[in-house]
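Every number for a ligand or one of its atoms is a count from 1 in the order of the listing.
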Amino acid sequence: MSAPATDRPAKSPEEVRELYDEQAPRFERFGWIEERLVGRYRERLFSRARGRTLDVACGTGPNFPHFPEGVALTAVDLSEGMLAAAERRTAELGLDADLRVADAEDLPFEDDSFDTVASALSTCTFPDPVAVLREMDRVCAPDGEILLFEHGRSDVAAVARLQDWLAPRHFRRMACRWNQEPTDLVAEAGLSVERVRRNVLGIFTSMVVAPSGD
Ligand SMILES: C[S@@+](CC[C@H](N)C(=O)[O-])C[C@H]1O[C@@H](n2cnc3c(N)ncnc32)[C@H](O)[C@@H]1O
């Protein structure tokens with residue numbers, strides 16, 4: 001069970017932006033290691049994307065190669081450094097994408113603008129993840145899908161205890177709450193998970209979430 005919202009540690013958007021601007025070269029350089037570990041899970045989930053697709057908190061763009069050809073891709077992130085790396089990735093992949101600096105809590109799009117709203121390894125970092133999930137719901141068309149690939153507290157007790165022990169230090173370094181439970185956040189946002197899959201000792205969770213249609 002995740003900490004209730006009031007106990008959830010959070011850095012301000014400015015602190016998160018600064019931190020990820022600083023970290024961007026490291027993410028760009030060593031992203032291939034993470035792709036080896038979890039690329040297949042990204043592929044399985046994000047190959048479902050269709051039509052107008054929004055990648056929220058896209059980082060350096062590790063989801064981009066996993067979206068099917070022909071989607072109309074828009075991607076946002078708070079960090080200009082991460083987005084600059086994402087732009088280099090779109091060029092390498094020959095993608096025509098609309099990349100914008102934006103706060104996921106206040107997306108610069110009309111209601112129901114996208115058929116697919118995707119996000120990876122991000123709810124752990126958002127200062128208010130529930131507000132962002134509601135914002136994803138707002139911009140997702142009622143017959144669309146919200147696709148989330150997240151990490152959280154392991155299903156294996158010993159690993160979970162180690163994560164709990166290291167969590168404060170990891171949060172200070174990366175603004176990342178790595179022992180929260182992503183399915184709890186989706187429930188807290190009032191959304192329902194249609195499909196869920198756990199991988200790598202239950203640390204990674206892939207979710208297909210139905211928009212509320214409100
Ligand atoms: C751990 S990285 C994950 C990036 C990428 N989605 C991936 O799968 O590697 C978290 C990202 O969330 C972004 N981020 C954090 N808070 C944000 C917010 N409020 N709005 C937009 N992006 C945000 C950070 O700048 C960073 O790029």
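Within ligand 1, the atoms closer than 4.0 Å to a non-hydrogen atom of M82 are 27 (O), numbered from 1 in the order shown. Of all atoms in ligand 1, numbered sequentially from 1 with element shown, those under 4.0 Å from a heavy atom of A120 are 3 (C), 5 (C), 6 (N), 7 (C), 8 (O). In the vicinity of S79, heavy-atom distances shorter than 4.0 Å reach the ligand 1 atoms 25 (O). In the vicinity of L121, heavy-atom distances shorter than 4.0 Å reach the ligand 1 atoms 1 (C), 2 (S), 3 (C), 10 (C). Which parts of ligand 1 touch R42 is read off a 4.0 Å heavy-atom cut-off, strictly below it: atoms 7 (C), 8 (O), 9 (O).
Taking any N or O of V76, backbone or side chain, none lies under 3.5 Å from an N or O belonging to ligand 1. Distances between N or O atoms of A57 and those of ligand 1 include at least one value under 3.5 Å. Considering both main-chain and side-chain atoms, L78 comes within under 3.5 Å of ligand 1 through a nitrogen or oxygen pair.
Put simply, the side chain of R153 does not reach to within 4.5 Å of the side chain of D184, judged on heavy atoms.
Only the backbone of A102 comes within 4.0 Å of ligand 1, counting heavy atoms alone; no side-chain atom from C-beta on gets that close. Residue contacts with ligand 1 for C58 involve N, CA, C or O but no side-chain atom from C-beta outward (heavy atoms, distance under 4.0 Å). Under 4.0 angstrom from ligand 1, the non-hydrogen atoms of P62 all belong to its side chain.
Using bins of under 30°, 30° to 60° and over 60° for the plane-to-plane angle, the ring pair F149/F204 lands in the parallel bin.
Counting non-hydrogen atoms of other residues, nucleotides and ligands closer than 6.0 Å to CG of D96 gives a total of 12 or fewer. Within 6.0 Å of CD in E80 there are 12 or fewer heavy atoms belonging to other residues, nucleotides or ligands. Atom CD of E18 has 12 or fewer heavy atoms from other residues, nucleotides or ligands within 6.0 Å.
Closest to atom 20 (N) of ligand 1 among all protein heavy atoms lies A104 N, 2.8 Å. The shortest contact between atom 16 (N) of ligand 1 and any protein heavy atom is with F126 CD2, 3.5 Å. Distance from atom 15 (C) of ligand 1 to its nearest protein heavy atom, with residue and atom name: V16 CG1, 3.4 Å.
Salt-bridge check for R42 with E34: passed, with a basic side-chain N closer than 4.0 Å to an acidic carboxylate O. Using a 4.0 Å cut-off between a side-chain N of Lys or Arg and a carboxylate O of Asp or Glu, E135 and R138 qualify as a salt bridge.
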Practice prompt. Determine, stepwise, if the pair R48 / R195 fulfils side chain to side chain contact (heavy atoms under 4.5 Å, CB included).
Written response: CA-CA 12 Å; R48 292 177 66 91; R195 290 193 201 179; 3.3 Å; yes

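When D77, T125, D103 are checked for heavy-atom proximity to atom 24 (C) of ligand 1, D77 turns out nearest.
Residues T205 and R198 have side chains that bring a donor and an acceptor to within less than 3.5 angstrom of each other.
Separating the CG atom in D55 from the OG atom in S122 is a distance of 8.5 Å, to the nearest 0.5 Å.
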